[in-house]
Amino acid sequence: MINELVTSMVEAGVHFGHQTRKWHPNMKKFILTQKNGIHIINLDETEKCLEKAAKFLSGLAAKNKKILFVGCKRQAQEAVKEAAEATGQYYVNFRWLGGMLTNMSTIKKSIARLEYLENLSSQPEYKSMSKKELAALSREREKLLRNLQGIRNMGGAPDALVAIGADHEDIAIREAHILGIPVVVLTDTNADPDSVDYPIPGNDDAVRSIRLILKFLVEEIKKARPVSAA
């Protein structure tokens with residue numbers, strides 16, 4: 001099983017890190033070698049970290065806890081959404097708004113605003129609005145939907161956060177730390193693995209790499225979910 005997983009990771013390019021000049025020294029323990037100016041990640045270490053992270057998330061899933069998937073870089077957006085939907089969890093995949101975790105009251109107001117705009121046609125003031133006003137409100141609704149769709153029903157802070165890219169999602173990770181929320185992060189060679197609770201050393205820029213890591217986590221989470229939550 002381990003050999004099959006490592007083989008799949010090689011095929012997906014999980015082992016390719018960043019240029020050696022962009023590395024973070026704390027990633028040294030996860031780096032196997034370098035080739036053509038690129039760090040090569042030790043996939044045996046990746047497999048160990050992936051198993052550890054999956055065990056943690058499975059434990060939460062077994063208790064019906066909330067997990068928030070975060071990945072706003074283009075390569076991660078669709079995979080993050082699919083992972084959250086496959087596990088009945090939550091996601092942010094377009095833009096992390098500052099305070100999404102640490103200022104939930106403001107986020108709840110934005111969600112309420114979204115719901116108002118979605119039901120605007122049934123509001124008494126709708127008929128008196130001009131085409132220009134309606135067009136502006138429609139644009140506002142689309143913007144709120146992109147930012148909040150994945151968390152509109154979360155109903156409070158999650159019990160864990162899964163992020164793609166420790167450097168790209170640093171604001172989300174910092175907010176989680178402030179609230180004591182554990183974070184699982186696909187961490188490339190240019191980021192500090194010691195800044196997250198469950199780092200998974202691997203390529204966070206390639207779509208196939210991101211999808212493979214998330215697929216493994218999703219499968220383990222789904223196995224652990226109570227039958228009633230399926």
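Just so it is clear, the model here is predicted, and its values are computed rather than measured. Position 1 is the first residue of the sequence, and the numbers go up from there.
Between the side chain of E45 and the backbone N or O of F30 there is no donor-acceptor pair closer than 3.5 Å. A side-chain donor-acceptor contact under 3.5 Å links H177 to the backbone of S195. N93 places no side-chain N or O within donor-acceptor distance of the main-chain N or O of C72, the cut-off being under 3.5 Å. Looking at S8, its side chain does come within 3.5 Å of a backbone N or O of E4 through a donor-acceptor pair. S209 places no side-chain N or O within 3.5 Å of a backbone atom of A206 that could act as its donor or acceptor partner. Checking side-chain atoms of T46 against main-chain N and O of P201 turns up a donor-acceptor pair under 3.5 Å. With hydrogens and angles ignored, the 3.5 Å screen pairs a side-chain donor or acceptor of K66 with a backbone N or O of M154. Between the side chain of R208 and the backbone N or O of E11 there is at least one donor-acceptor pair closer than 3.5 Å. For the pair D197 (side chain) and V183 (backbone), a donor-acceptor distance under 3.5 Å is present. Put simply, the side chain of Q89 gets close to the backbone of K65: a donor and an acceptor are under 3.5 Å apart.
Between A166 and A191, the shortest heavy-atom contact is CB-CB, 3.6 Å. The shortest non-hydrogen separation linking F69 to T87 is CE1-OG1, 3.8 Å. Annotation for V92 and V80: closest pair O-CG1, 4.2 Å, computed over non-hydrogen atoms. In terms of heavy atoms, I181 sits closest to A157 at CD1-CB, 4.1 Å. Closest approach of L60 and A160 over heavy atoms only: CD1-CB, 3.3 Å. The two residues M27 and T187 have their closest heavy-atom pair at CE-O, 3.8 Å.
Residue L101 holds its CG atom at 8.0 Å from CD1 of I151, rounded to the nearest 0.5 Å. With rounding to the nearest 0.5 angstrom, the CD atom of E133 is 7.5 Å from the OG atom of S128. How far CZ of R152 is from CG of N147: 12.5 Å, rounded to the nearest 0.5 Å. Rounded to the nearest 0.5 Å, atoms SG (C49) and CG (L43) are 11.0 Å apart. If you take CG on L186 and CG on D204, they are separated by 5.5 Å, rounding to the nearest 0.5 Å. Atom-to-atom distance recorded for T102:OG1 and I178:CD1 is 5.5 Å, nearest 0.5 angstrom.
Counting heavy atoms from C-beta on, the side chains of I221 and I67 come closer than 4.5 Å. The closest side-chain heavy-atom distance from N203 to H18 is not below 4.5 Å. Contact of the L144 side chain with the S110 side chain is registered, since non-hydrogen atoms from C-beta on lie closer than 4.5 Å. When side chains are defined from C-beta on, P182 counts as touching F56, because their heavy atoms get closer than 4.5 Å. The shortest distance between side-chain heavy atoms of L212 and M9 falls below 4.5 Å. Within the 4.5 Å cutoff, the side chain of E175 has heavy atoms near those of the W96 side chain. Residues V162 and E169 form no side-chain contact, since every pair of their non-hydrogen atoms from C-beta on lies 4.5 Å or further apart. Side-chain contact between D188 and D167: absent, with no pair of heavy atoms (C-beta onward) separated by less than 4.5 Å.
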*Should M100 and L148 be marked as a side-chain contact (heavy atoms from CB on, under 4.5 Å) after you check the CA-CA gap, both sets of side-chain angles, and the distance that decides it?*
CA-CA 9 Å; M100 271 187 158; L148 303 173; 4.0 Å; yes
*Steps toward salt bridge (charged side-chain N to carboxylate O under 4.0 Å, His left out) verdict (D159, K63)*: CA-CA 11 Å; D159 298 288; K63 299 174 183 176; over 6 Å; no
*asked:* Please evaluate residues L214 and I164 with respect to the criterion side-chain contact (heavy atoms from CB on, under 4.5 Å), reporting the C-alpha separation (whole Å), side-chain torsions for both, the decisive distance (0.1 Å), and the verdict.
replied: CA-CA 9 Å; L214 287 177; I164 304 300; 4.1 Å; yes
_side-chain contact (heavy atoms from CB on, under 4.5 Å) between L5 and L50, intermediate numbers included_ = CA-CA 10 Å; L5 177 58; L50 185 56; 4.2 Å; yes
*Step by step, work out the side chain to side chain donor-acceptor pair (under 3.5 Å) result for R146 and Q149.*
CA-CA 6 Å; R146 285 196 303 267; Q149 176 66 19; over 6 Å; no
*Tell me, with the steps shown, if E82 and K215 meet salt bridge (charged side-chain N to carboxylate O under 4.0 Å, His left out).*
CA-CA 10 Å; E82 291 173 1; K215 179 184 177 183; over 6 Å; no
*Could you please spell out the steps behind the side-chain contact (heavy atoms from CB on, under 4.5 Å) verdict for Y198 and L57?*
CA-CA 10 Å; Y198 296 90; L57 294 174; over 6 Å; no
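For R113 and E140, the salt-bridge test passes: some basic side-chain N is under 4.0 Å from an acidic carboxylate O. The existence of a salt bridge linking D205 and R74 is excluded, since no basic side-chain nitrogen approaches an acidic carboxylate oxygen closer than 4.0 Å. Taking the charged nitrogens against the carboxylate oxygens, D44 and K48 have no contact shorter than 4.0 Å, which rules out a salt bridge. A salt bridge links K223 and E220; the closest N-O separation between the charged side-chain nitrogens and carboxylate oxygens is under 4.0 Å.
Between the side chains of N119 and S122, not a single donor N or O lies within less than 3.5 Å of an accepting N or O. Between W23 and Q34, the side chains place no donor N or O within less than 3.5 Å of an acceptor N or O (distance only, hydrogens not considered).
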